[in-house]
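Every chain is numbered from 1, with letters handed out A, B, ... down the list of sequences.
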Amino acid sequence: MAEKKRIDFKQIESKWQQRWAEDELYRTADLPDKDNKFYMLVMFAYPSGDIHMGHFRNYIIGDAVARQQMMMGKNVLHPFGWDAFGLPAERAAIQRGIHPEEWTLSNIEVSKRTLQKVGISFDWSREIASCLPDYYKWTQWMFIQMFKRGLAVRKKSWVNWDPVDKTVLANEQVKDGFAERSGAKVEKKELVGWYFKITDYADQLIDDLDKLPEWPDNVKAMQREWIGRSHGLEVDFVIEETGEKLPIFTTRPDTIYGVTYMAIAPESDLIDRLKLDGEHAKMVADYRQTALARSEIDRAAATGEKDGVFTGKYAINPFTNERVQLWVADYVLAGYGTGAVMAVPAHDTRDFAFARKYKLPIRVVIQSGGDSVTDGALLDEAFVEYGPMMNSDRFNGLSGAEAIAAVSDFAEKESIGRKVTNYKLKDWSISRQRYWGCPIPIVHCEKCGPVAVPDDQLPVTLPKVENYLPKGRSPLADVPEFMNVTCPECGGKAERDPDTMDTFVCSSWYQLRYVDPHNEKEPFSREKANAWMPIDLYVGGITHATGHLIYFRFFTKFLRDIGWIDFDEPARRLFNHGMVMDAHGEVMSKSKGNVVSPVAVMEERGIDVARLAMFFTAPSDKEVMWSEDGITGVEKFLINKLLPLLESYRSSMPDLKQYFNLNDLTGFDRNIYVKLNQTVKKCSESFERLQFNTAISAVMELIRDYDPDKISSDQLNDSVVLKAIQLIAPLAPHTAEELWSLSGMDGSVFRSGWPQFDPDAIVGDMIEIAVQVNGKLRDSINVPADSSQDAVEQVAFDSERVKGHTDGRQVIKKIYVPGRLLNIVVKG
RNA sequence: GCGAAAGUGGCGGAAUUGGUAGACGCGCUGGAUUUAGGAUCCAGUUCCGUGAGGAGUGGGGGUUCGAGUCCCCCCUUUCGCACCA
């Protein structure tokens, strides 16, 4: 009975994992040689207790790169840790009565054990967890640095309120008006909380994107869009009755003569100062109430009807001294610009719709070209493009950028306006009214106001509490022992800030803690940070494009400004891996019941098979549809091709750093040597692009062509075998290490060096040249690699198939691409 | 609506800078071996055509000796932002 080859994967896996741990293969030097370091980082992970396919893919990509860099002789930093604060722990506490800390730490244990079984080359001696006091002490320190420089501010503001989790959310945590985590419809609420003034860095955050050539364009585009910088003019309109200034922001100063009404956001406190009376007062009050009750999503619905109400008051356009009606309208956003707009119905689609609905005047001030409509009443839609100004006094005829500049300059000269830049980006709201987070290290004193907790009293540790049920205020507020303190400044009675920080604060600086994870005196050593940073390759999902990836750039710039680091971008290269879907292209989720566990696959087929299958299915940045079919090919390759390689090994102990002399090789030896070098070249390029699928296919081809019976040189035979093992090692580390060890080579394959190709041996003796006639392929000829163009042409013109297309016709031109093709251009 | 990316065999996907489209793998077909095989090996496999040959990278134009690759228009899909004045 023919026996199926059975490989004891588990034995090989555990043997090498143990050996690697004992030999501290992944242990990193404290201070690397700055020119020879590689910081490989995968994104901070929430310890949910299980490892799914997405994690698996993320980590094996990082692992392959880390191992290859290690082979290339780099000092590799490849750490891992846990983004361990957050709501799931609190939910578990509420539902099952387990303390969030206990729940989190036990999840970390489980996740860590699983990851260790996967054989990822993390340096576990640098593991960190953001929920532990030795870490969050420094998160608090970061907060205080911000506070001291006026970048952490407390203010009352309209916030996104999650009515399910009963906490504030950052804009980045709201998707289409719904809370990303809980799924609840987000409400608007006015609340006091802490903000990081990330808007102070808006320009740098946009401009420095140009310093990141190795970041994907889509991420950079998303960040630009998110920050949303726009240049324009702020114009001071005046409220007729009170004389109060009513500044508005516009990017279209060239339409200022077309203003026919003005509109204020319902949230604006300006309304309170209008001294409304009678009927208008009541209507406006009613309107504000209903508008504010509407959720963001209802208000933002692009198709939704715009509505509003007239205040009974008028504003004066400083350019024309004309009085226009002042409205309250919910299409005006309180949080952008000044919360009020000038309305130009003829040249803005929203204003047009609004004016039509409420029968407000429409005045054309921009010519739309040709026989343009100049009567607003006859317009079908707003003309929003640039064109020559008309009905605009001294500015008539100017258009586009020139017009905008002229109007803006005039406004500045007359002191009725100023050029300003506005951003969509808002200050980062970081207060959370929840328990399981990093306490805000601030004490509120009646006399001194908010005071930072002195450094020597950090960390402010989380107290134990009885009840985590969300009630809309932090559970810490109900712990008097925690809350009641004396003011560090005046010694008087004071209270702690009861809120905890957004977990994105914790993950904004973790990459720096890894360089010095056990430092008790500082968040990290500057020397180590400057040596290891920036991250050379940062791998994670695209989901963080406008959240974490902006925050951690912001922190980096801030720390540079206060002198802690000397670089201004945290990651040189960013790579977003594609999602893992099920075989039908559906997102894997527990509710759909289509989750395939990488652990189950590894248990059944072995870790290296699971890894190769994931790598081989698609390039790393593409979405993958995981199916059993994808495993078949690589499993056969590993079992039937890779593992038996040593059967033909001849123990000649070749020096792998030494090239052969191509001229000394003949016949098959020569061919396979060329193939070997082509493979090395192709693999190296594939690794650089993180396209491991093509690296695997290159090694498959090499082994397909490899035929030990035809190789005469023992050293060459063994070089092919050993280099194939080296090339596949970052992708299938356990198998490769096993083979390497069985070959009798010294030490770990991961210390053996990455193969270099012999530049003299990537072209074979005979090359195939494509012969085209008028650009169409007619024949393919084999010629010696060193053939001259004349020699190639001679063979080409001898070809019957070529003759059939050239005979009797005049050759006009011959294009020869050396080593590739000959194109004969004929006429007639 | 705005912005970005992508459309290649039955399928996953190859093809740095324009230079033999379909590497590698799955699947399928035929054969070998075998008591048998869901094992292994060999051969074939873009489509049309018996063939010579022709067509072919979402569709249509263009640049070029030559286009999957560059330019223009259109279609489709995915993602992001969505009243940002």
Side-chain angles (χ1 to χ4, degrees), chain A residues 1-5 175-177 216-226 228-230 232 248-252 255 263 299-304 306 329-333 335-344 347-351 353-354 384 422-426 542-543 545-546 579 583 612-613 616-619 621-634 636-637 640 682 685-686 688-689 691 693-701 704 768-781 804 812-826:
Chain A
M1 177 161 154
E3 202 168 322
K4 183 183 169 175
K5 273 186 196 142
K175 288 268 163 334
D176 296 328
D217 288 336
N218 61 335
V219 171
K220 288 190 279 190
M222 281 162 75
Q223 294 206 352
R224 270 192 204 98
E225 172 70 18
W226 188 261
R229 176 165 62 191
S230 57
I248 56 86
F249 174 75
T250 178
T251 54
R252 293 296 303 272
T255 64
R299 279 180 63 179
T303 48
K306 315 208 172 316
D330 74 350
Y331 76 92
V332 181
L333 302 175
Y336 184 78
T338 62
V341 299
M342 66 180 208
V344 186
H347 305 294
D348 180 284
T349 42
R350 296 152 300 182
D351 298 343
F354 194 85
V384 298
N422 255 310
Y423 305 89
K424 290 191 209 173
L425 182 73
K426 308 247 186 351
I542 184 76
T543 45
T546 54
M579 296 222 292
L612 287 177
F616 191 64
T617 304
D621 56 345
K622 279 196 88 161
E623 182 177 281
V624 149
M625 288 187 248
W626 182 263
S627 80
E628 291 286 306
D629 298 346
I631 303 176
T632 316
V634 291
K636 283 203 281 193
F637 167 70
N640 299 331
K682 195 168 172 195
E685 288 164 357
S686 296
E688 176 55 34
R689 289 186 290 162
Q691 281 197 10
N693 54 337
T694 51
I696 294 169
S697 85
V699 177
M700 284 173 163
E701 279 187 61
R704 177 196 64 192
E768 217 174 87
I769 303 271
V771 183
Q772 300 181 331
V773 178
N774 287 348
K776 278 188 188 267
L777 181 70
R778 293 306 174 188
D779 204 357
S780 204
I781 57 174
I812 310 172
K813 207 175 183 182
K814 285 170 289 195
I815 289 133
Y816 180 61
V817 182
R820 307 222 63 146
L821 67 66
L822 175 70
N823 187 10
I824 301 160
V825 185
V826 297

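The phosphate of B/rA55 has OP1 or OP2 within less than 4.0 Å of a side-chain N or O from A/K776. Between B/rC41 and A/R704, no contact under 4.0 Å exists linking OP1 or OP2 to a side-chain N or O. An OP1 or OP2 oxygen of B/rG3 is reached within less than 4.0 angstrom by no side-chain nitrogen or oxygen of A/Q223. Contact annotation: A/Y331 does not reach the phosphate of B/rA85 (side-chain N/O to OP1 or OP2, under 4.0 Å). Applying the 4.0 Å criterion to OP1 and OP2 of B/rA85, one finds that A/S230 has a side-chain N or O inside that range. Taking side-chain N and O atoms only, A/R820 has a distance below 4.0 Å to OP1 or OP2 of B/rU20.
Remark: P of B/rG54 and CG of A/L777 are 11 Å apart, rounded to the nearest angstrom. Taking atom CG on A/D629 and atom P on B/rG38, their separation rounds to 16 Å, with Å as the unit. Summarising the geometry, the separation between CD1 on A/I781 and P on B/rG19 is reported as 19 Å, rounded to the nearest angstrom. Rounded to an integer number of Å, the gap from A/K426 NZ to B/rC81 C1' is 13 Å. Going from atom CZ of A/F616 over to atom P of B/rC11 covers 17 Å, rounded to whole Å. The distance from atom CZ of A/F637 to atom P of B/rC41 is 13 Å, rounded to the nearest whole Å. Atoms CZ (A/R229) and P (B/rG3) sit 18 Å apart, rounded to a whole Å. Separating the CD1 atom of A/I696 from the P atom of B/rG25 is a distance of 12 Å, rounded to the nearest angstrom.
A/K682 has no carboxylate O lying under 4.0 Å from a charged side-chain N of A/E685, or vice versa, which leaves the two without a salt bridge.
With a 3.5 Å ceiling on both atom-pair distances, the Watson-Crick or G-U wobble partner of B/rG1 is B/rC81. Base pairing analysis places B/rC11 opposite B/rG25; the two distances defining the Watson-Crick or G-U wobble pair are each below 3.5 Å. Applying the Watson-Crick and G-U wobble criteria (two distances, each under 3.5 Å), B/rA67 pairs with nothing in any strand. Here B/rA39 sits opposite no nucleotide as a Watson-Crick or G-U wobble pair (both hydrogen-bonding atom distances under 3.5 Å). Figure legend. B/rG53 is base-paired to B/rC48; pairs are counted as Watson-Crick or G-U wobble with both atom distances under 3.5 Å. Applying the Watson-Crick and G-U wobble criteria (two distances, each under 3.5 Å), B/rU16 pairs with nothing in any strand.
Put simply, CG on A/D779 and CD1 on A/I769 are 12.0 Å apart, with the number rounded to the nearest 0.5 Å. The distance from the CD atom of A/E225 to the CG atom of A/N218 is 13.0 Å, given to the nearest 0.5 Å. Here the OG-CG distance, from A/S686 to A/N693, works out to 7.5 Å after rounding to the nearest 0.5 Å. Expressed to the nearest 0.5 Å, how far CZ of A/R224 lies from CG of A/L425 amounts to 14.5 Å. Note: A/I696 CD1 to A/F616 CZ = 6.5 Å, rounded to the nearest 0.5 Å. Separation of atoms CG (A/D348) and CE (A/M342) is listed at 9.0 Å; rounding is to 0.5 Å.
Side-chain proximity of A/N218 to B/rA15, B/rU20, B/rA4: nearest is B/rA4. Side chain of A/E685, nearest nucleotide from B/rU16, B/rC26, B/rA15: B/rU16. Of the candidate nucleotides B/rU20, B/rU40, B/rA85, B/rA85 has the atom lying nearest to any side-chain atom of A/F249. When distances are taken from the side chain of A/N640 to each of B/rG80, B/rU40, B/rG19, the shortest belongs to B/rU40. Considering only side-chain atoms of A/V817, the nucleotide from B/rG12, B/rG19, B/rA14 that sits closest is B/rG19. When distances run from any side-chain atom of A/K622 to the nucleotides B/rU16, B/rG80, B/rG13, the shortest one goes to B/rG13. Checked against B/rC65, B/rA4, B/rA82, the side chain of A/W226 finds its nearest nucleotide in B/rA82. Of the listed nucleotides (B/rC65, B/rA23, B/rA85), B/rC65 has the atom at the smallest distance from the side chain of A/I815.
A/N823 comes within contact range of at least one nucleobase, with a heavy-atom separation under 4.0 Å. Within the nucleic acid shown, A/E623 comes within 4.0 Å of sugar-phosphate atoms alone, with no base atom in reach, counting heavy atoms only. Among the atoms of the strands shown, only primed sugar atoms or phosphate atoms (P, OP1, OP2) are found under 4.0 Å from some heavy atom of A/E701. Looking at heavy-atom distances under 4.0 Å, A/K636 makes contact with sugar-phosphate atoms alone, never a base. Nucleic acid contact for A/T251: sugar-phosphate only, since backbone atoms but no base atoms lie under 4.0 Å from a heavy atom of the residue. If you check every strand for non-hydrogen atoms under 4.0 Å, A/V825 touches sugar and phosphate atoms only. Counting non-hydrogen atoms under 4.0 angstrom, A/R778 reaches the backbone sugars and phosphates but no base. Note on A/S627: nothing from the nucleic acid sits closer than 4.0 angstrom, heavy atoms only. A/P216 comes within 4.0 angstrom of nothing in the nucleic acid, heavy atoms only.
One P atom belongs to B/rU50, the other to B/rA5, and the distance between them is 45 Å to the nearest Å. With P as the reference atom, B/rC42 and B/rU76 are 47 Å apart, rounded to whole Å. Comparing B/rG59 with B/rC65, their C1' atoms are spaced 26 Å from each other, to the whole Å.
Toward the 5′ end of RNA chain B lies the nearest nucleotide of A/E768, the other residue of the pair A/E768 and A/G633 mapping further downstream. Comparing A/A698 and A/E225, the nucleotide of RNA chain B nearest to each residue sits closer to the 5' end for A/A698.
Among A/I824, A/L822, A/N823, the one residue that satisfies the side-chain contact (heavy atoms from CB on, under 4.5 Å) test with A/Y816 is A/L822.
Annotated as syn: B/rG9, whose O4'-C1'-N torsion sits within 90° of 0.
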